[in-house]
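Each remark here refers to the structure printed beneath this line.
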Amino acid sequence: MGLIVIGLATAISPGPFFPGGIGIYKDDFIPGLRQFTELMHKYGVKTAIQISALGVLPRKDGNLELVGPSDITVDRHPNAPRPRPLTAEEIKMVVEAYSTAASRAKDAEFDAVELNALAGTGLISHFLSAHTNKRTDGYGGSIENRTRFLLECIESVKQRVGNEYPLLCRVSGADFMEGGNTLDDTKIVGSLIERAGIHAINVSTGWHESPVPFIQMSVPRANWVYLAEGIKEVVNIPVIGGTRIPDPYLAEQILAEGKSDLVYIARALIADPEWPKKAKEGRTDGIRPCTACCTCFDSVIEQRSITCAVNPRAGKETEYHIRPASKPRRVCIIGGGPAGMEAARVAALRGHHITLFDNKSRLGGQLLTAILPPYKEELANLVKYLSTQMERLGIKVKLEQQVDAVTVEKEKPDVVIIATGAS
Ligand SMILES: Cc1cc2nc3c(=O)[nH]c(=O)nc-3n(C[C@H](O)[C@H](O)[C@H](O)COP(=O)(O)O)c2cc1C
Ligand code: SF4
């Protein structure tokens, strides 16, 4: 693992617009952030924090006000409030907020800072994109002018934290928004920010509001790496590419072909936090596969704690631990779908003796049907992973068995788990 980037951390208080998010807009947050970096460093991991100022500013009366480069909203609701265009003085204030936030990150001992300039998730991307930036002053018009705000942020951050402190910038390779930036525009941004002293460019894809699927199961793996490749053509600093790279061999291939200098991996690490370790040790068939179902993203967008469809521990790492059982028991599990197999896997890891029944000739349950429509192929990897775990853990699997009370009694189980699915 090269670098763990956490985000997005707000440089200006977002009030109720970003509940549960990470804040870096007050010195009070430094001790908590330092606890995080200390933990990362204890395991020898370098870590960066991604900083963004969302489009809100406090008014004199203490309430928050939506602001932006122009009065353009990306909210599709017909009555969505429009942001108030920032004054030149306010722009300076926001630039200052970025540099203060970066210096807090340095105080909290982050190894690097990443400026969030992507996906419509902050003022920088709203300034960069002609979709939201209709200004007629020096911050609007040409792509060079639209990049001015970002360049001022970079200059201000560097003055504050020093030229040597690693500074990354994450951009959308293309906005995929009407009238928004194309790859050619982002190439100009890339050249400008390289000249301004950015040390690496992280190239993501699109905006949250884009009418194009970017991360869903239907998007081919590594589909967007060409954007990083395009930026690499015009800069000499390291370029990071990614999205839909759940497989270490694919990541390796992208690097070997020189399409990007590093790859970013997000959801595959939620699905299996041991992904890098297993990849390094060549245990790739033991990686719990991310199916790109986006359940994790939905939970965050709906402002719930993160959940993952394939990793029950995601977001509950401090609650759920797989510990050896004090007394191994005989466990009978009825149903060889994902829930039954996961129950069998965890119980076996705890040292219990498992018999898993299913009435079909193959393990997989409802997933075997779910994989049939087009674009659902990723689900087959989950069936494969779980079935492999049944073999590895020596779980007794009895297929084509219609289970009744007599069948169960014959097993003399201490515990019966019914995992026959919801109906
Ligand atoms: C739950 C969740 C939260 C995310 N938060 C951020 C974020 O704060 N900043 C950011 O730049 N990208 C964020 N992303 C996007 C990821 O960094 C990544 O670009 C995207 O998930 C595609 O990569 P993947 O296919 O490896 O998941 C988030 C993604 C997920 C699933
Ligand atoms: S919820 Fe779905 S997309 Fe998100 S990490 Fe888990 S498997 Fe991947």
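All residue numbers in this chain count up from 1 along the given sequence. First listed ligand is number 1; within each ligand, the first listed atom is number 1.
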message: Students should be able to answer this: which protein heavy-atom is nearest to atom 22 (C) of ligand 1, and at what distance?
response: T243 OG1, 3.4 Å
field: Lys/Arg-Asp/Glu bridge criterion (N-O < 4.0 Å) met for E281, K277
entry: yes
Heavy atom of the protein closest to atom 26 (O) of ligand 1 (residue, atom name, distance): A266 N, 2.9 Å
query: Taking only heavy atoms of I215, which atoms of ligand 1 are found under 4.0 Å from at least one of them?
result: 22 (C)
task: Determine, counting only non-hydrogen atoms of the protein, whether one lies under 4.0 angstrom from atom 5 (N) of ligand 1.
output: no
query: What residue pairs, at least two apart or across chains, pass salt bridge (Lys or Arg N to Asp or Glu O under 4.0 Å) with a residue in residues 237-246?
result: R244-E378
- line: The atoms of ligand 1 lying under 4.0 Å from a heavy atom of R170, numbered in the order shown, are 10 (C), 11 (O), 12 (N), 16 (C), 17 (O), 18 (C), 19 (O)
message: With respect to R244, determine whether any N or O atom, backbone or side chain, lies less than 3.5 Å from an N or O atom of ligand 1.
response: yes
task: Please check if atom CD1 in I418 has more than 12 non-hydrogen atoms from other residues, nucleotides or ligands closer than 6.0 Å.
output: no
message: Which of the numbered atoms in ligand 1 are under 4.0 angstrom from any heavy atom belonging to V300?
response: 1 (C)
Side chain to side chain, S260 and L255, heavy atoms closer than 4.5 Å: yes
field: Atoms of protein origin (N, O or S) under 2.8 Å from atom 8 (Fe) of ligand 2
entry: C290 SG
field: Y264: numbered ligand 1 atoms lying under 4.0 Å from its heavy atoms
entry: 19 (O), 23 (O)
Nearest protein heavy atom with distance in Å, relative to atom 7 (C) of ligand 1: Q50 OE1, 3.8 Å
statement: Taking only non-hydrogen atoms of G7 and a 4.0 Å limit, the atoms of ligand 1 in range are 8 (O)
query: When you look for heavy atoms under 4.0 Å from ligand 1, do you find them on the side chain of L118, its backbone, both, or neither?
result: side chain
message: In this structure, is the centre-to-centre distance between the rings of H208 and F214 below 6.0 Å?
response: no
message: Under 6.0 Å from the ring centre and within 45 degrees of the ring axis: does the NZ or CZ of K259 meet both conditions for the six-membered ring of Y226?
response: no
- line: Here the atoms of ligand 1 under 4.0 Å from any heavy atom belonging to F297 are 2 (C), 28 (C), 29 (C), 30 (C), 31 (C)
message: I'd like to know if the side chain of E38 reaches the main chain of F36, judged simply by a donor and an acceptor atom lying under 3.5 Å from each other, with no hydrogens or angles considered.
response: no
message: Could you tell me if R170 sits above the aromatic ring of Y264, with its cationic atom closer than 6.0 Å to the ring centre and no more than 45 degrees from the axis?
response: yes
K316 side chain to P312 backbone, donor-acceptor under 3.5 Å: no
Interfacing atoms of ligand 1 (cut-off 4.0 Å, heavy-atom, R267): 21 (O), 24 (P), 25 (O), 26 (O), 27 (O), 31 (C)
query: Can you check whether I265 has an N/O within less than 3.5 Å of an N/O in ligand 1?
result: no
- request: Under 4.0 Å, heavy atoms only, figure out whether ligand 1 is touched by the backbone of I306, its side chain, both or neither.
  value: side chain
- prompt: Minimum heavy-atom separation for L399 to S361, with atom names?
  reply: CD1-O, 3.2 Å
- prompt: Should the pair W207 and H126 be assigned to parallel (<30°), tilted (30 to 60°) or perpendicular (>60°) ring geometry?
  reply: tilted
Residue from Q389, R392, K278 passing side-chain hydrogen bond (donor to acceptor under 3.5 Å, both in side chains) with D285: R392
message: Using only atom types and a distance under 3.5 Å, with no angle test, would you say the side chain of S204 pairs donor to acceptor with the backbone of S172?
response: no
message: Is it the case that the side chain of N116 and the backbone of Q50 share a donor-acceptor pair, with hydrogens and angles ignored and the cut-off at 3.5 Å?
response: no
Atom indices of ligand 1, in the order listed, that fall short of 4.0 Å to a heavy atom of L8: 8 (O)
field: Non-hydrogen atom of C296 closer than 4.0 Å to ligand 1
entry: yes
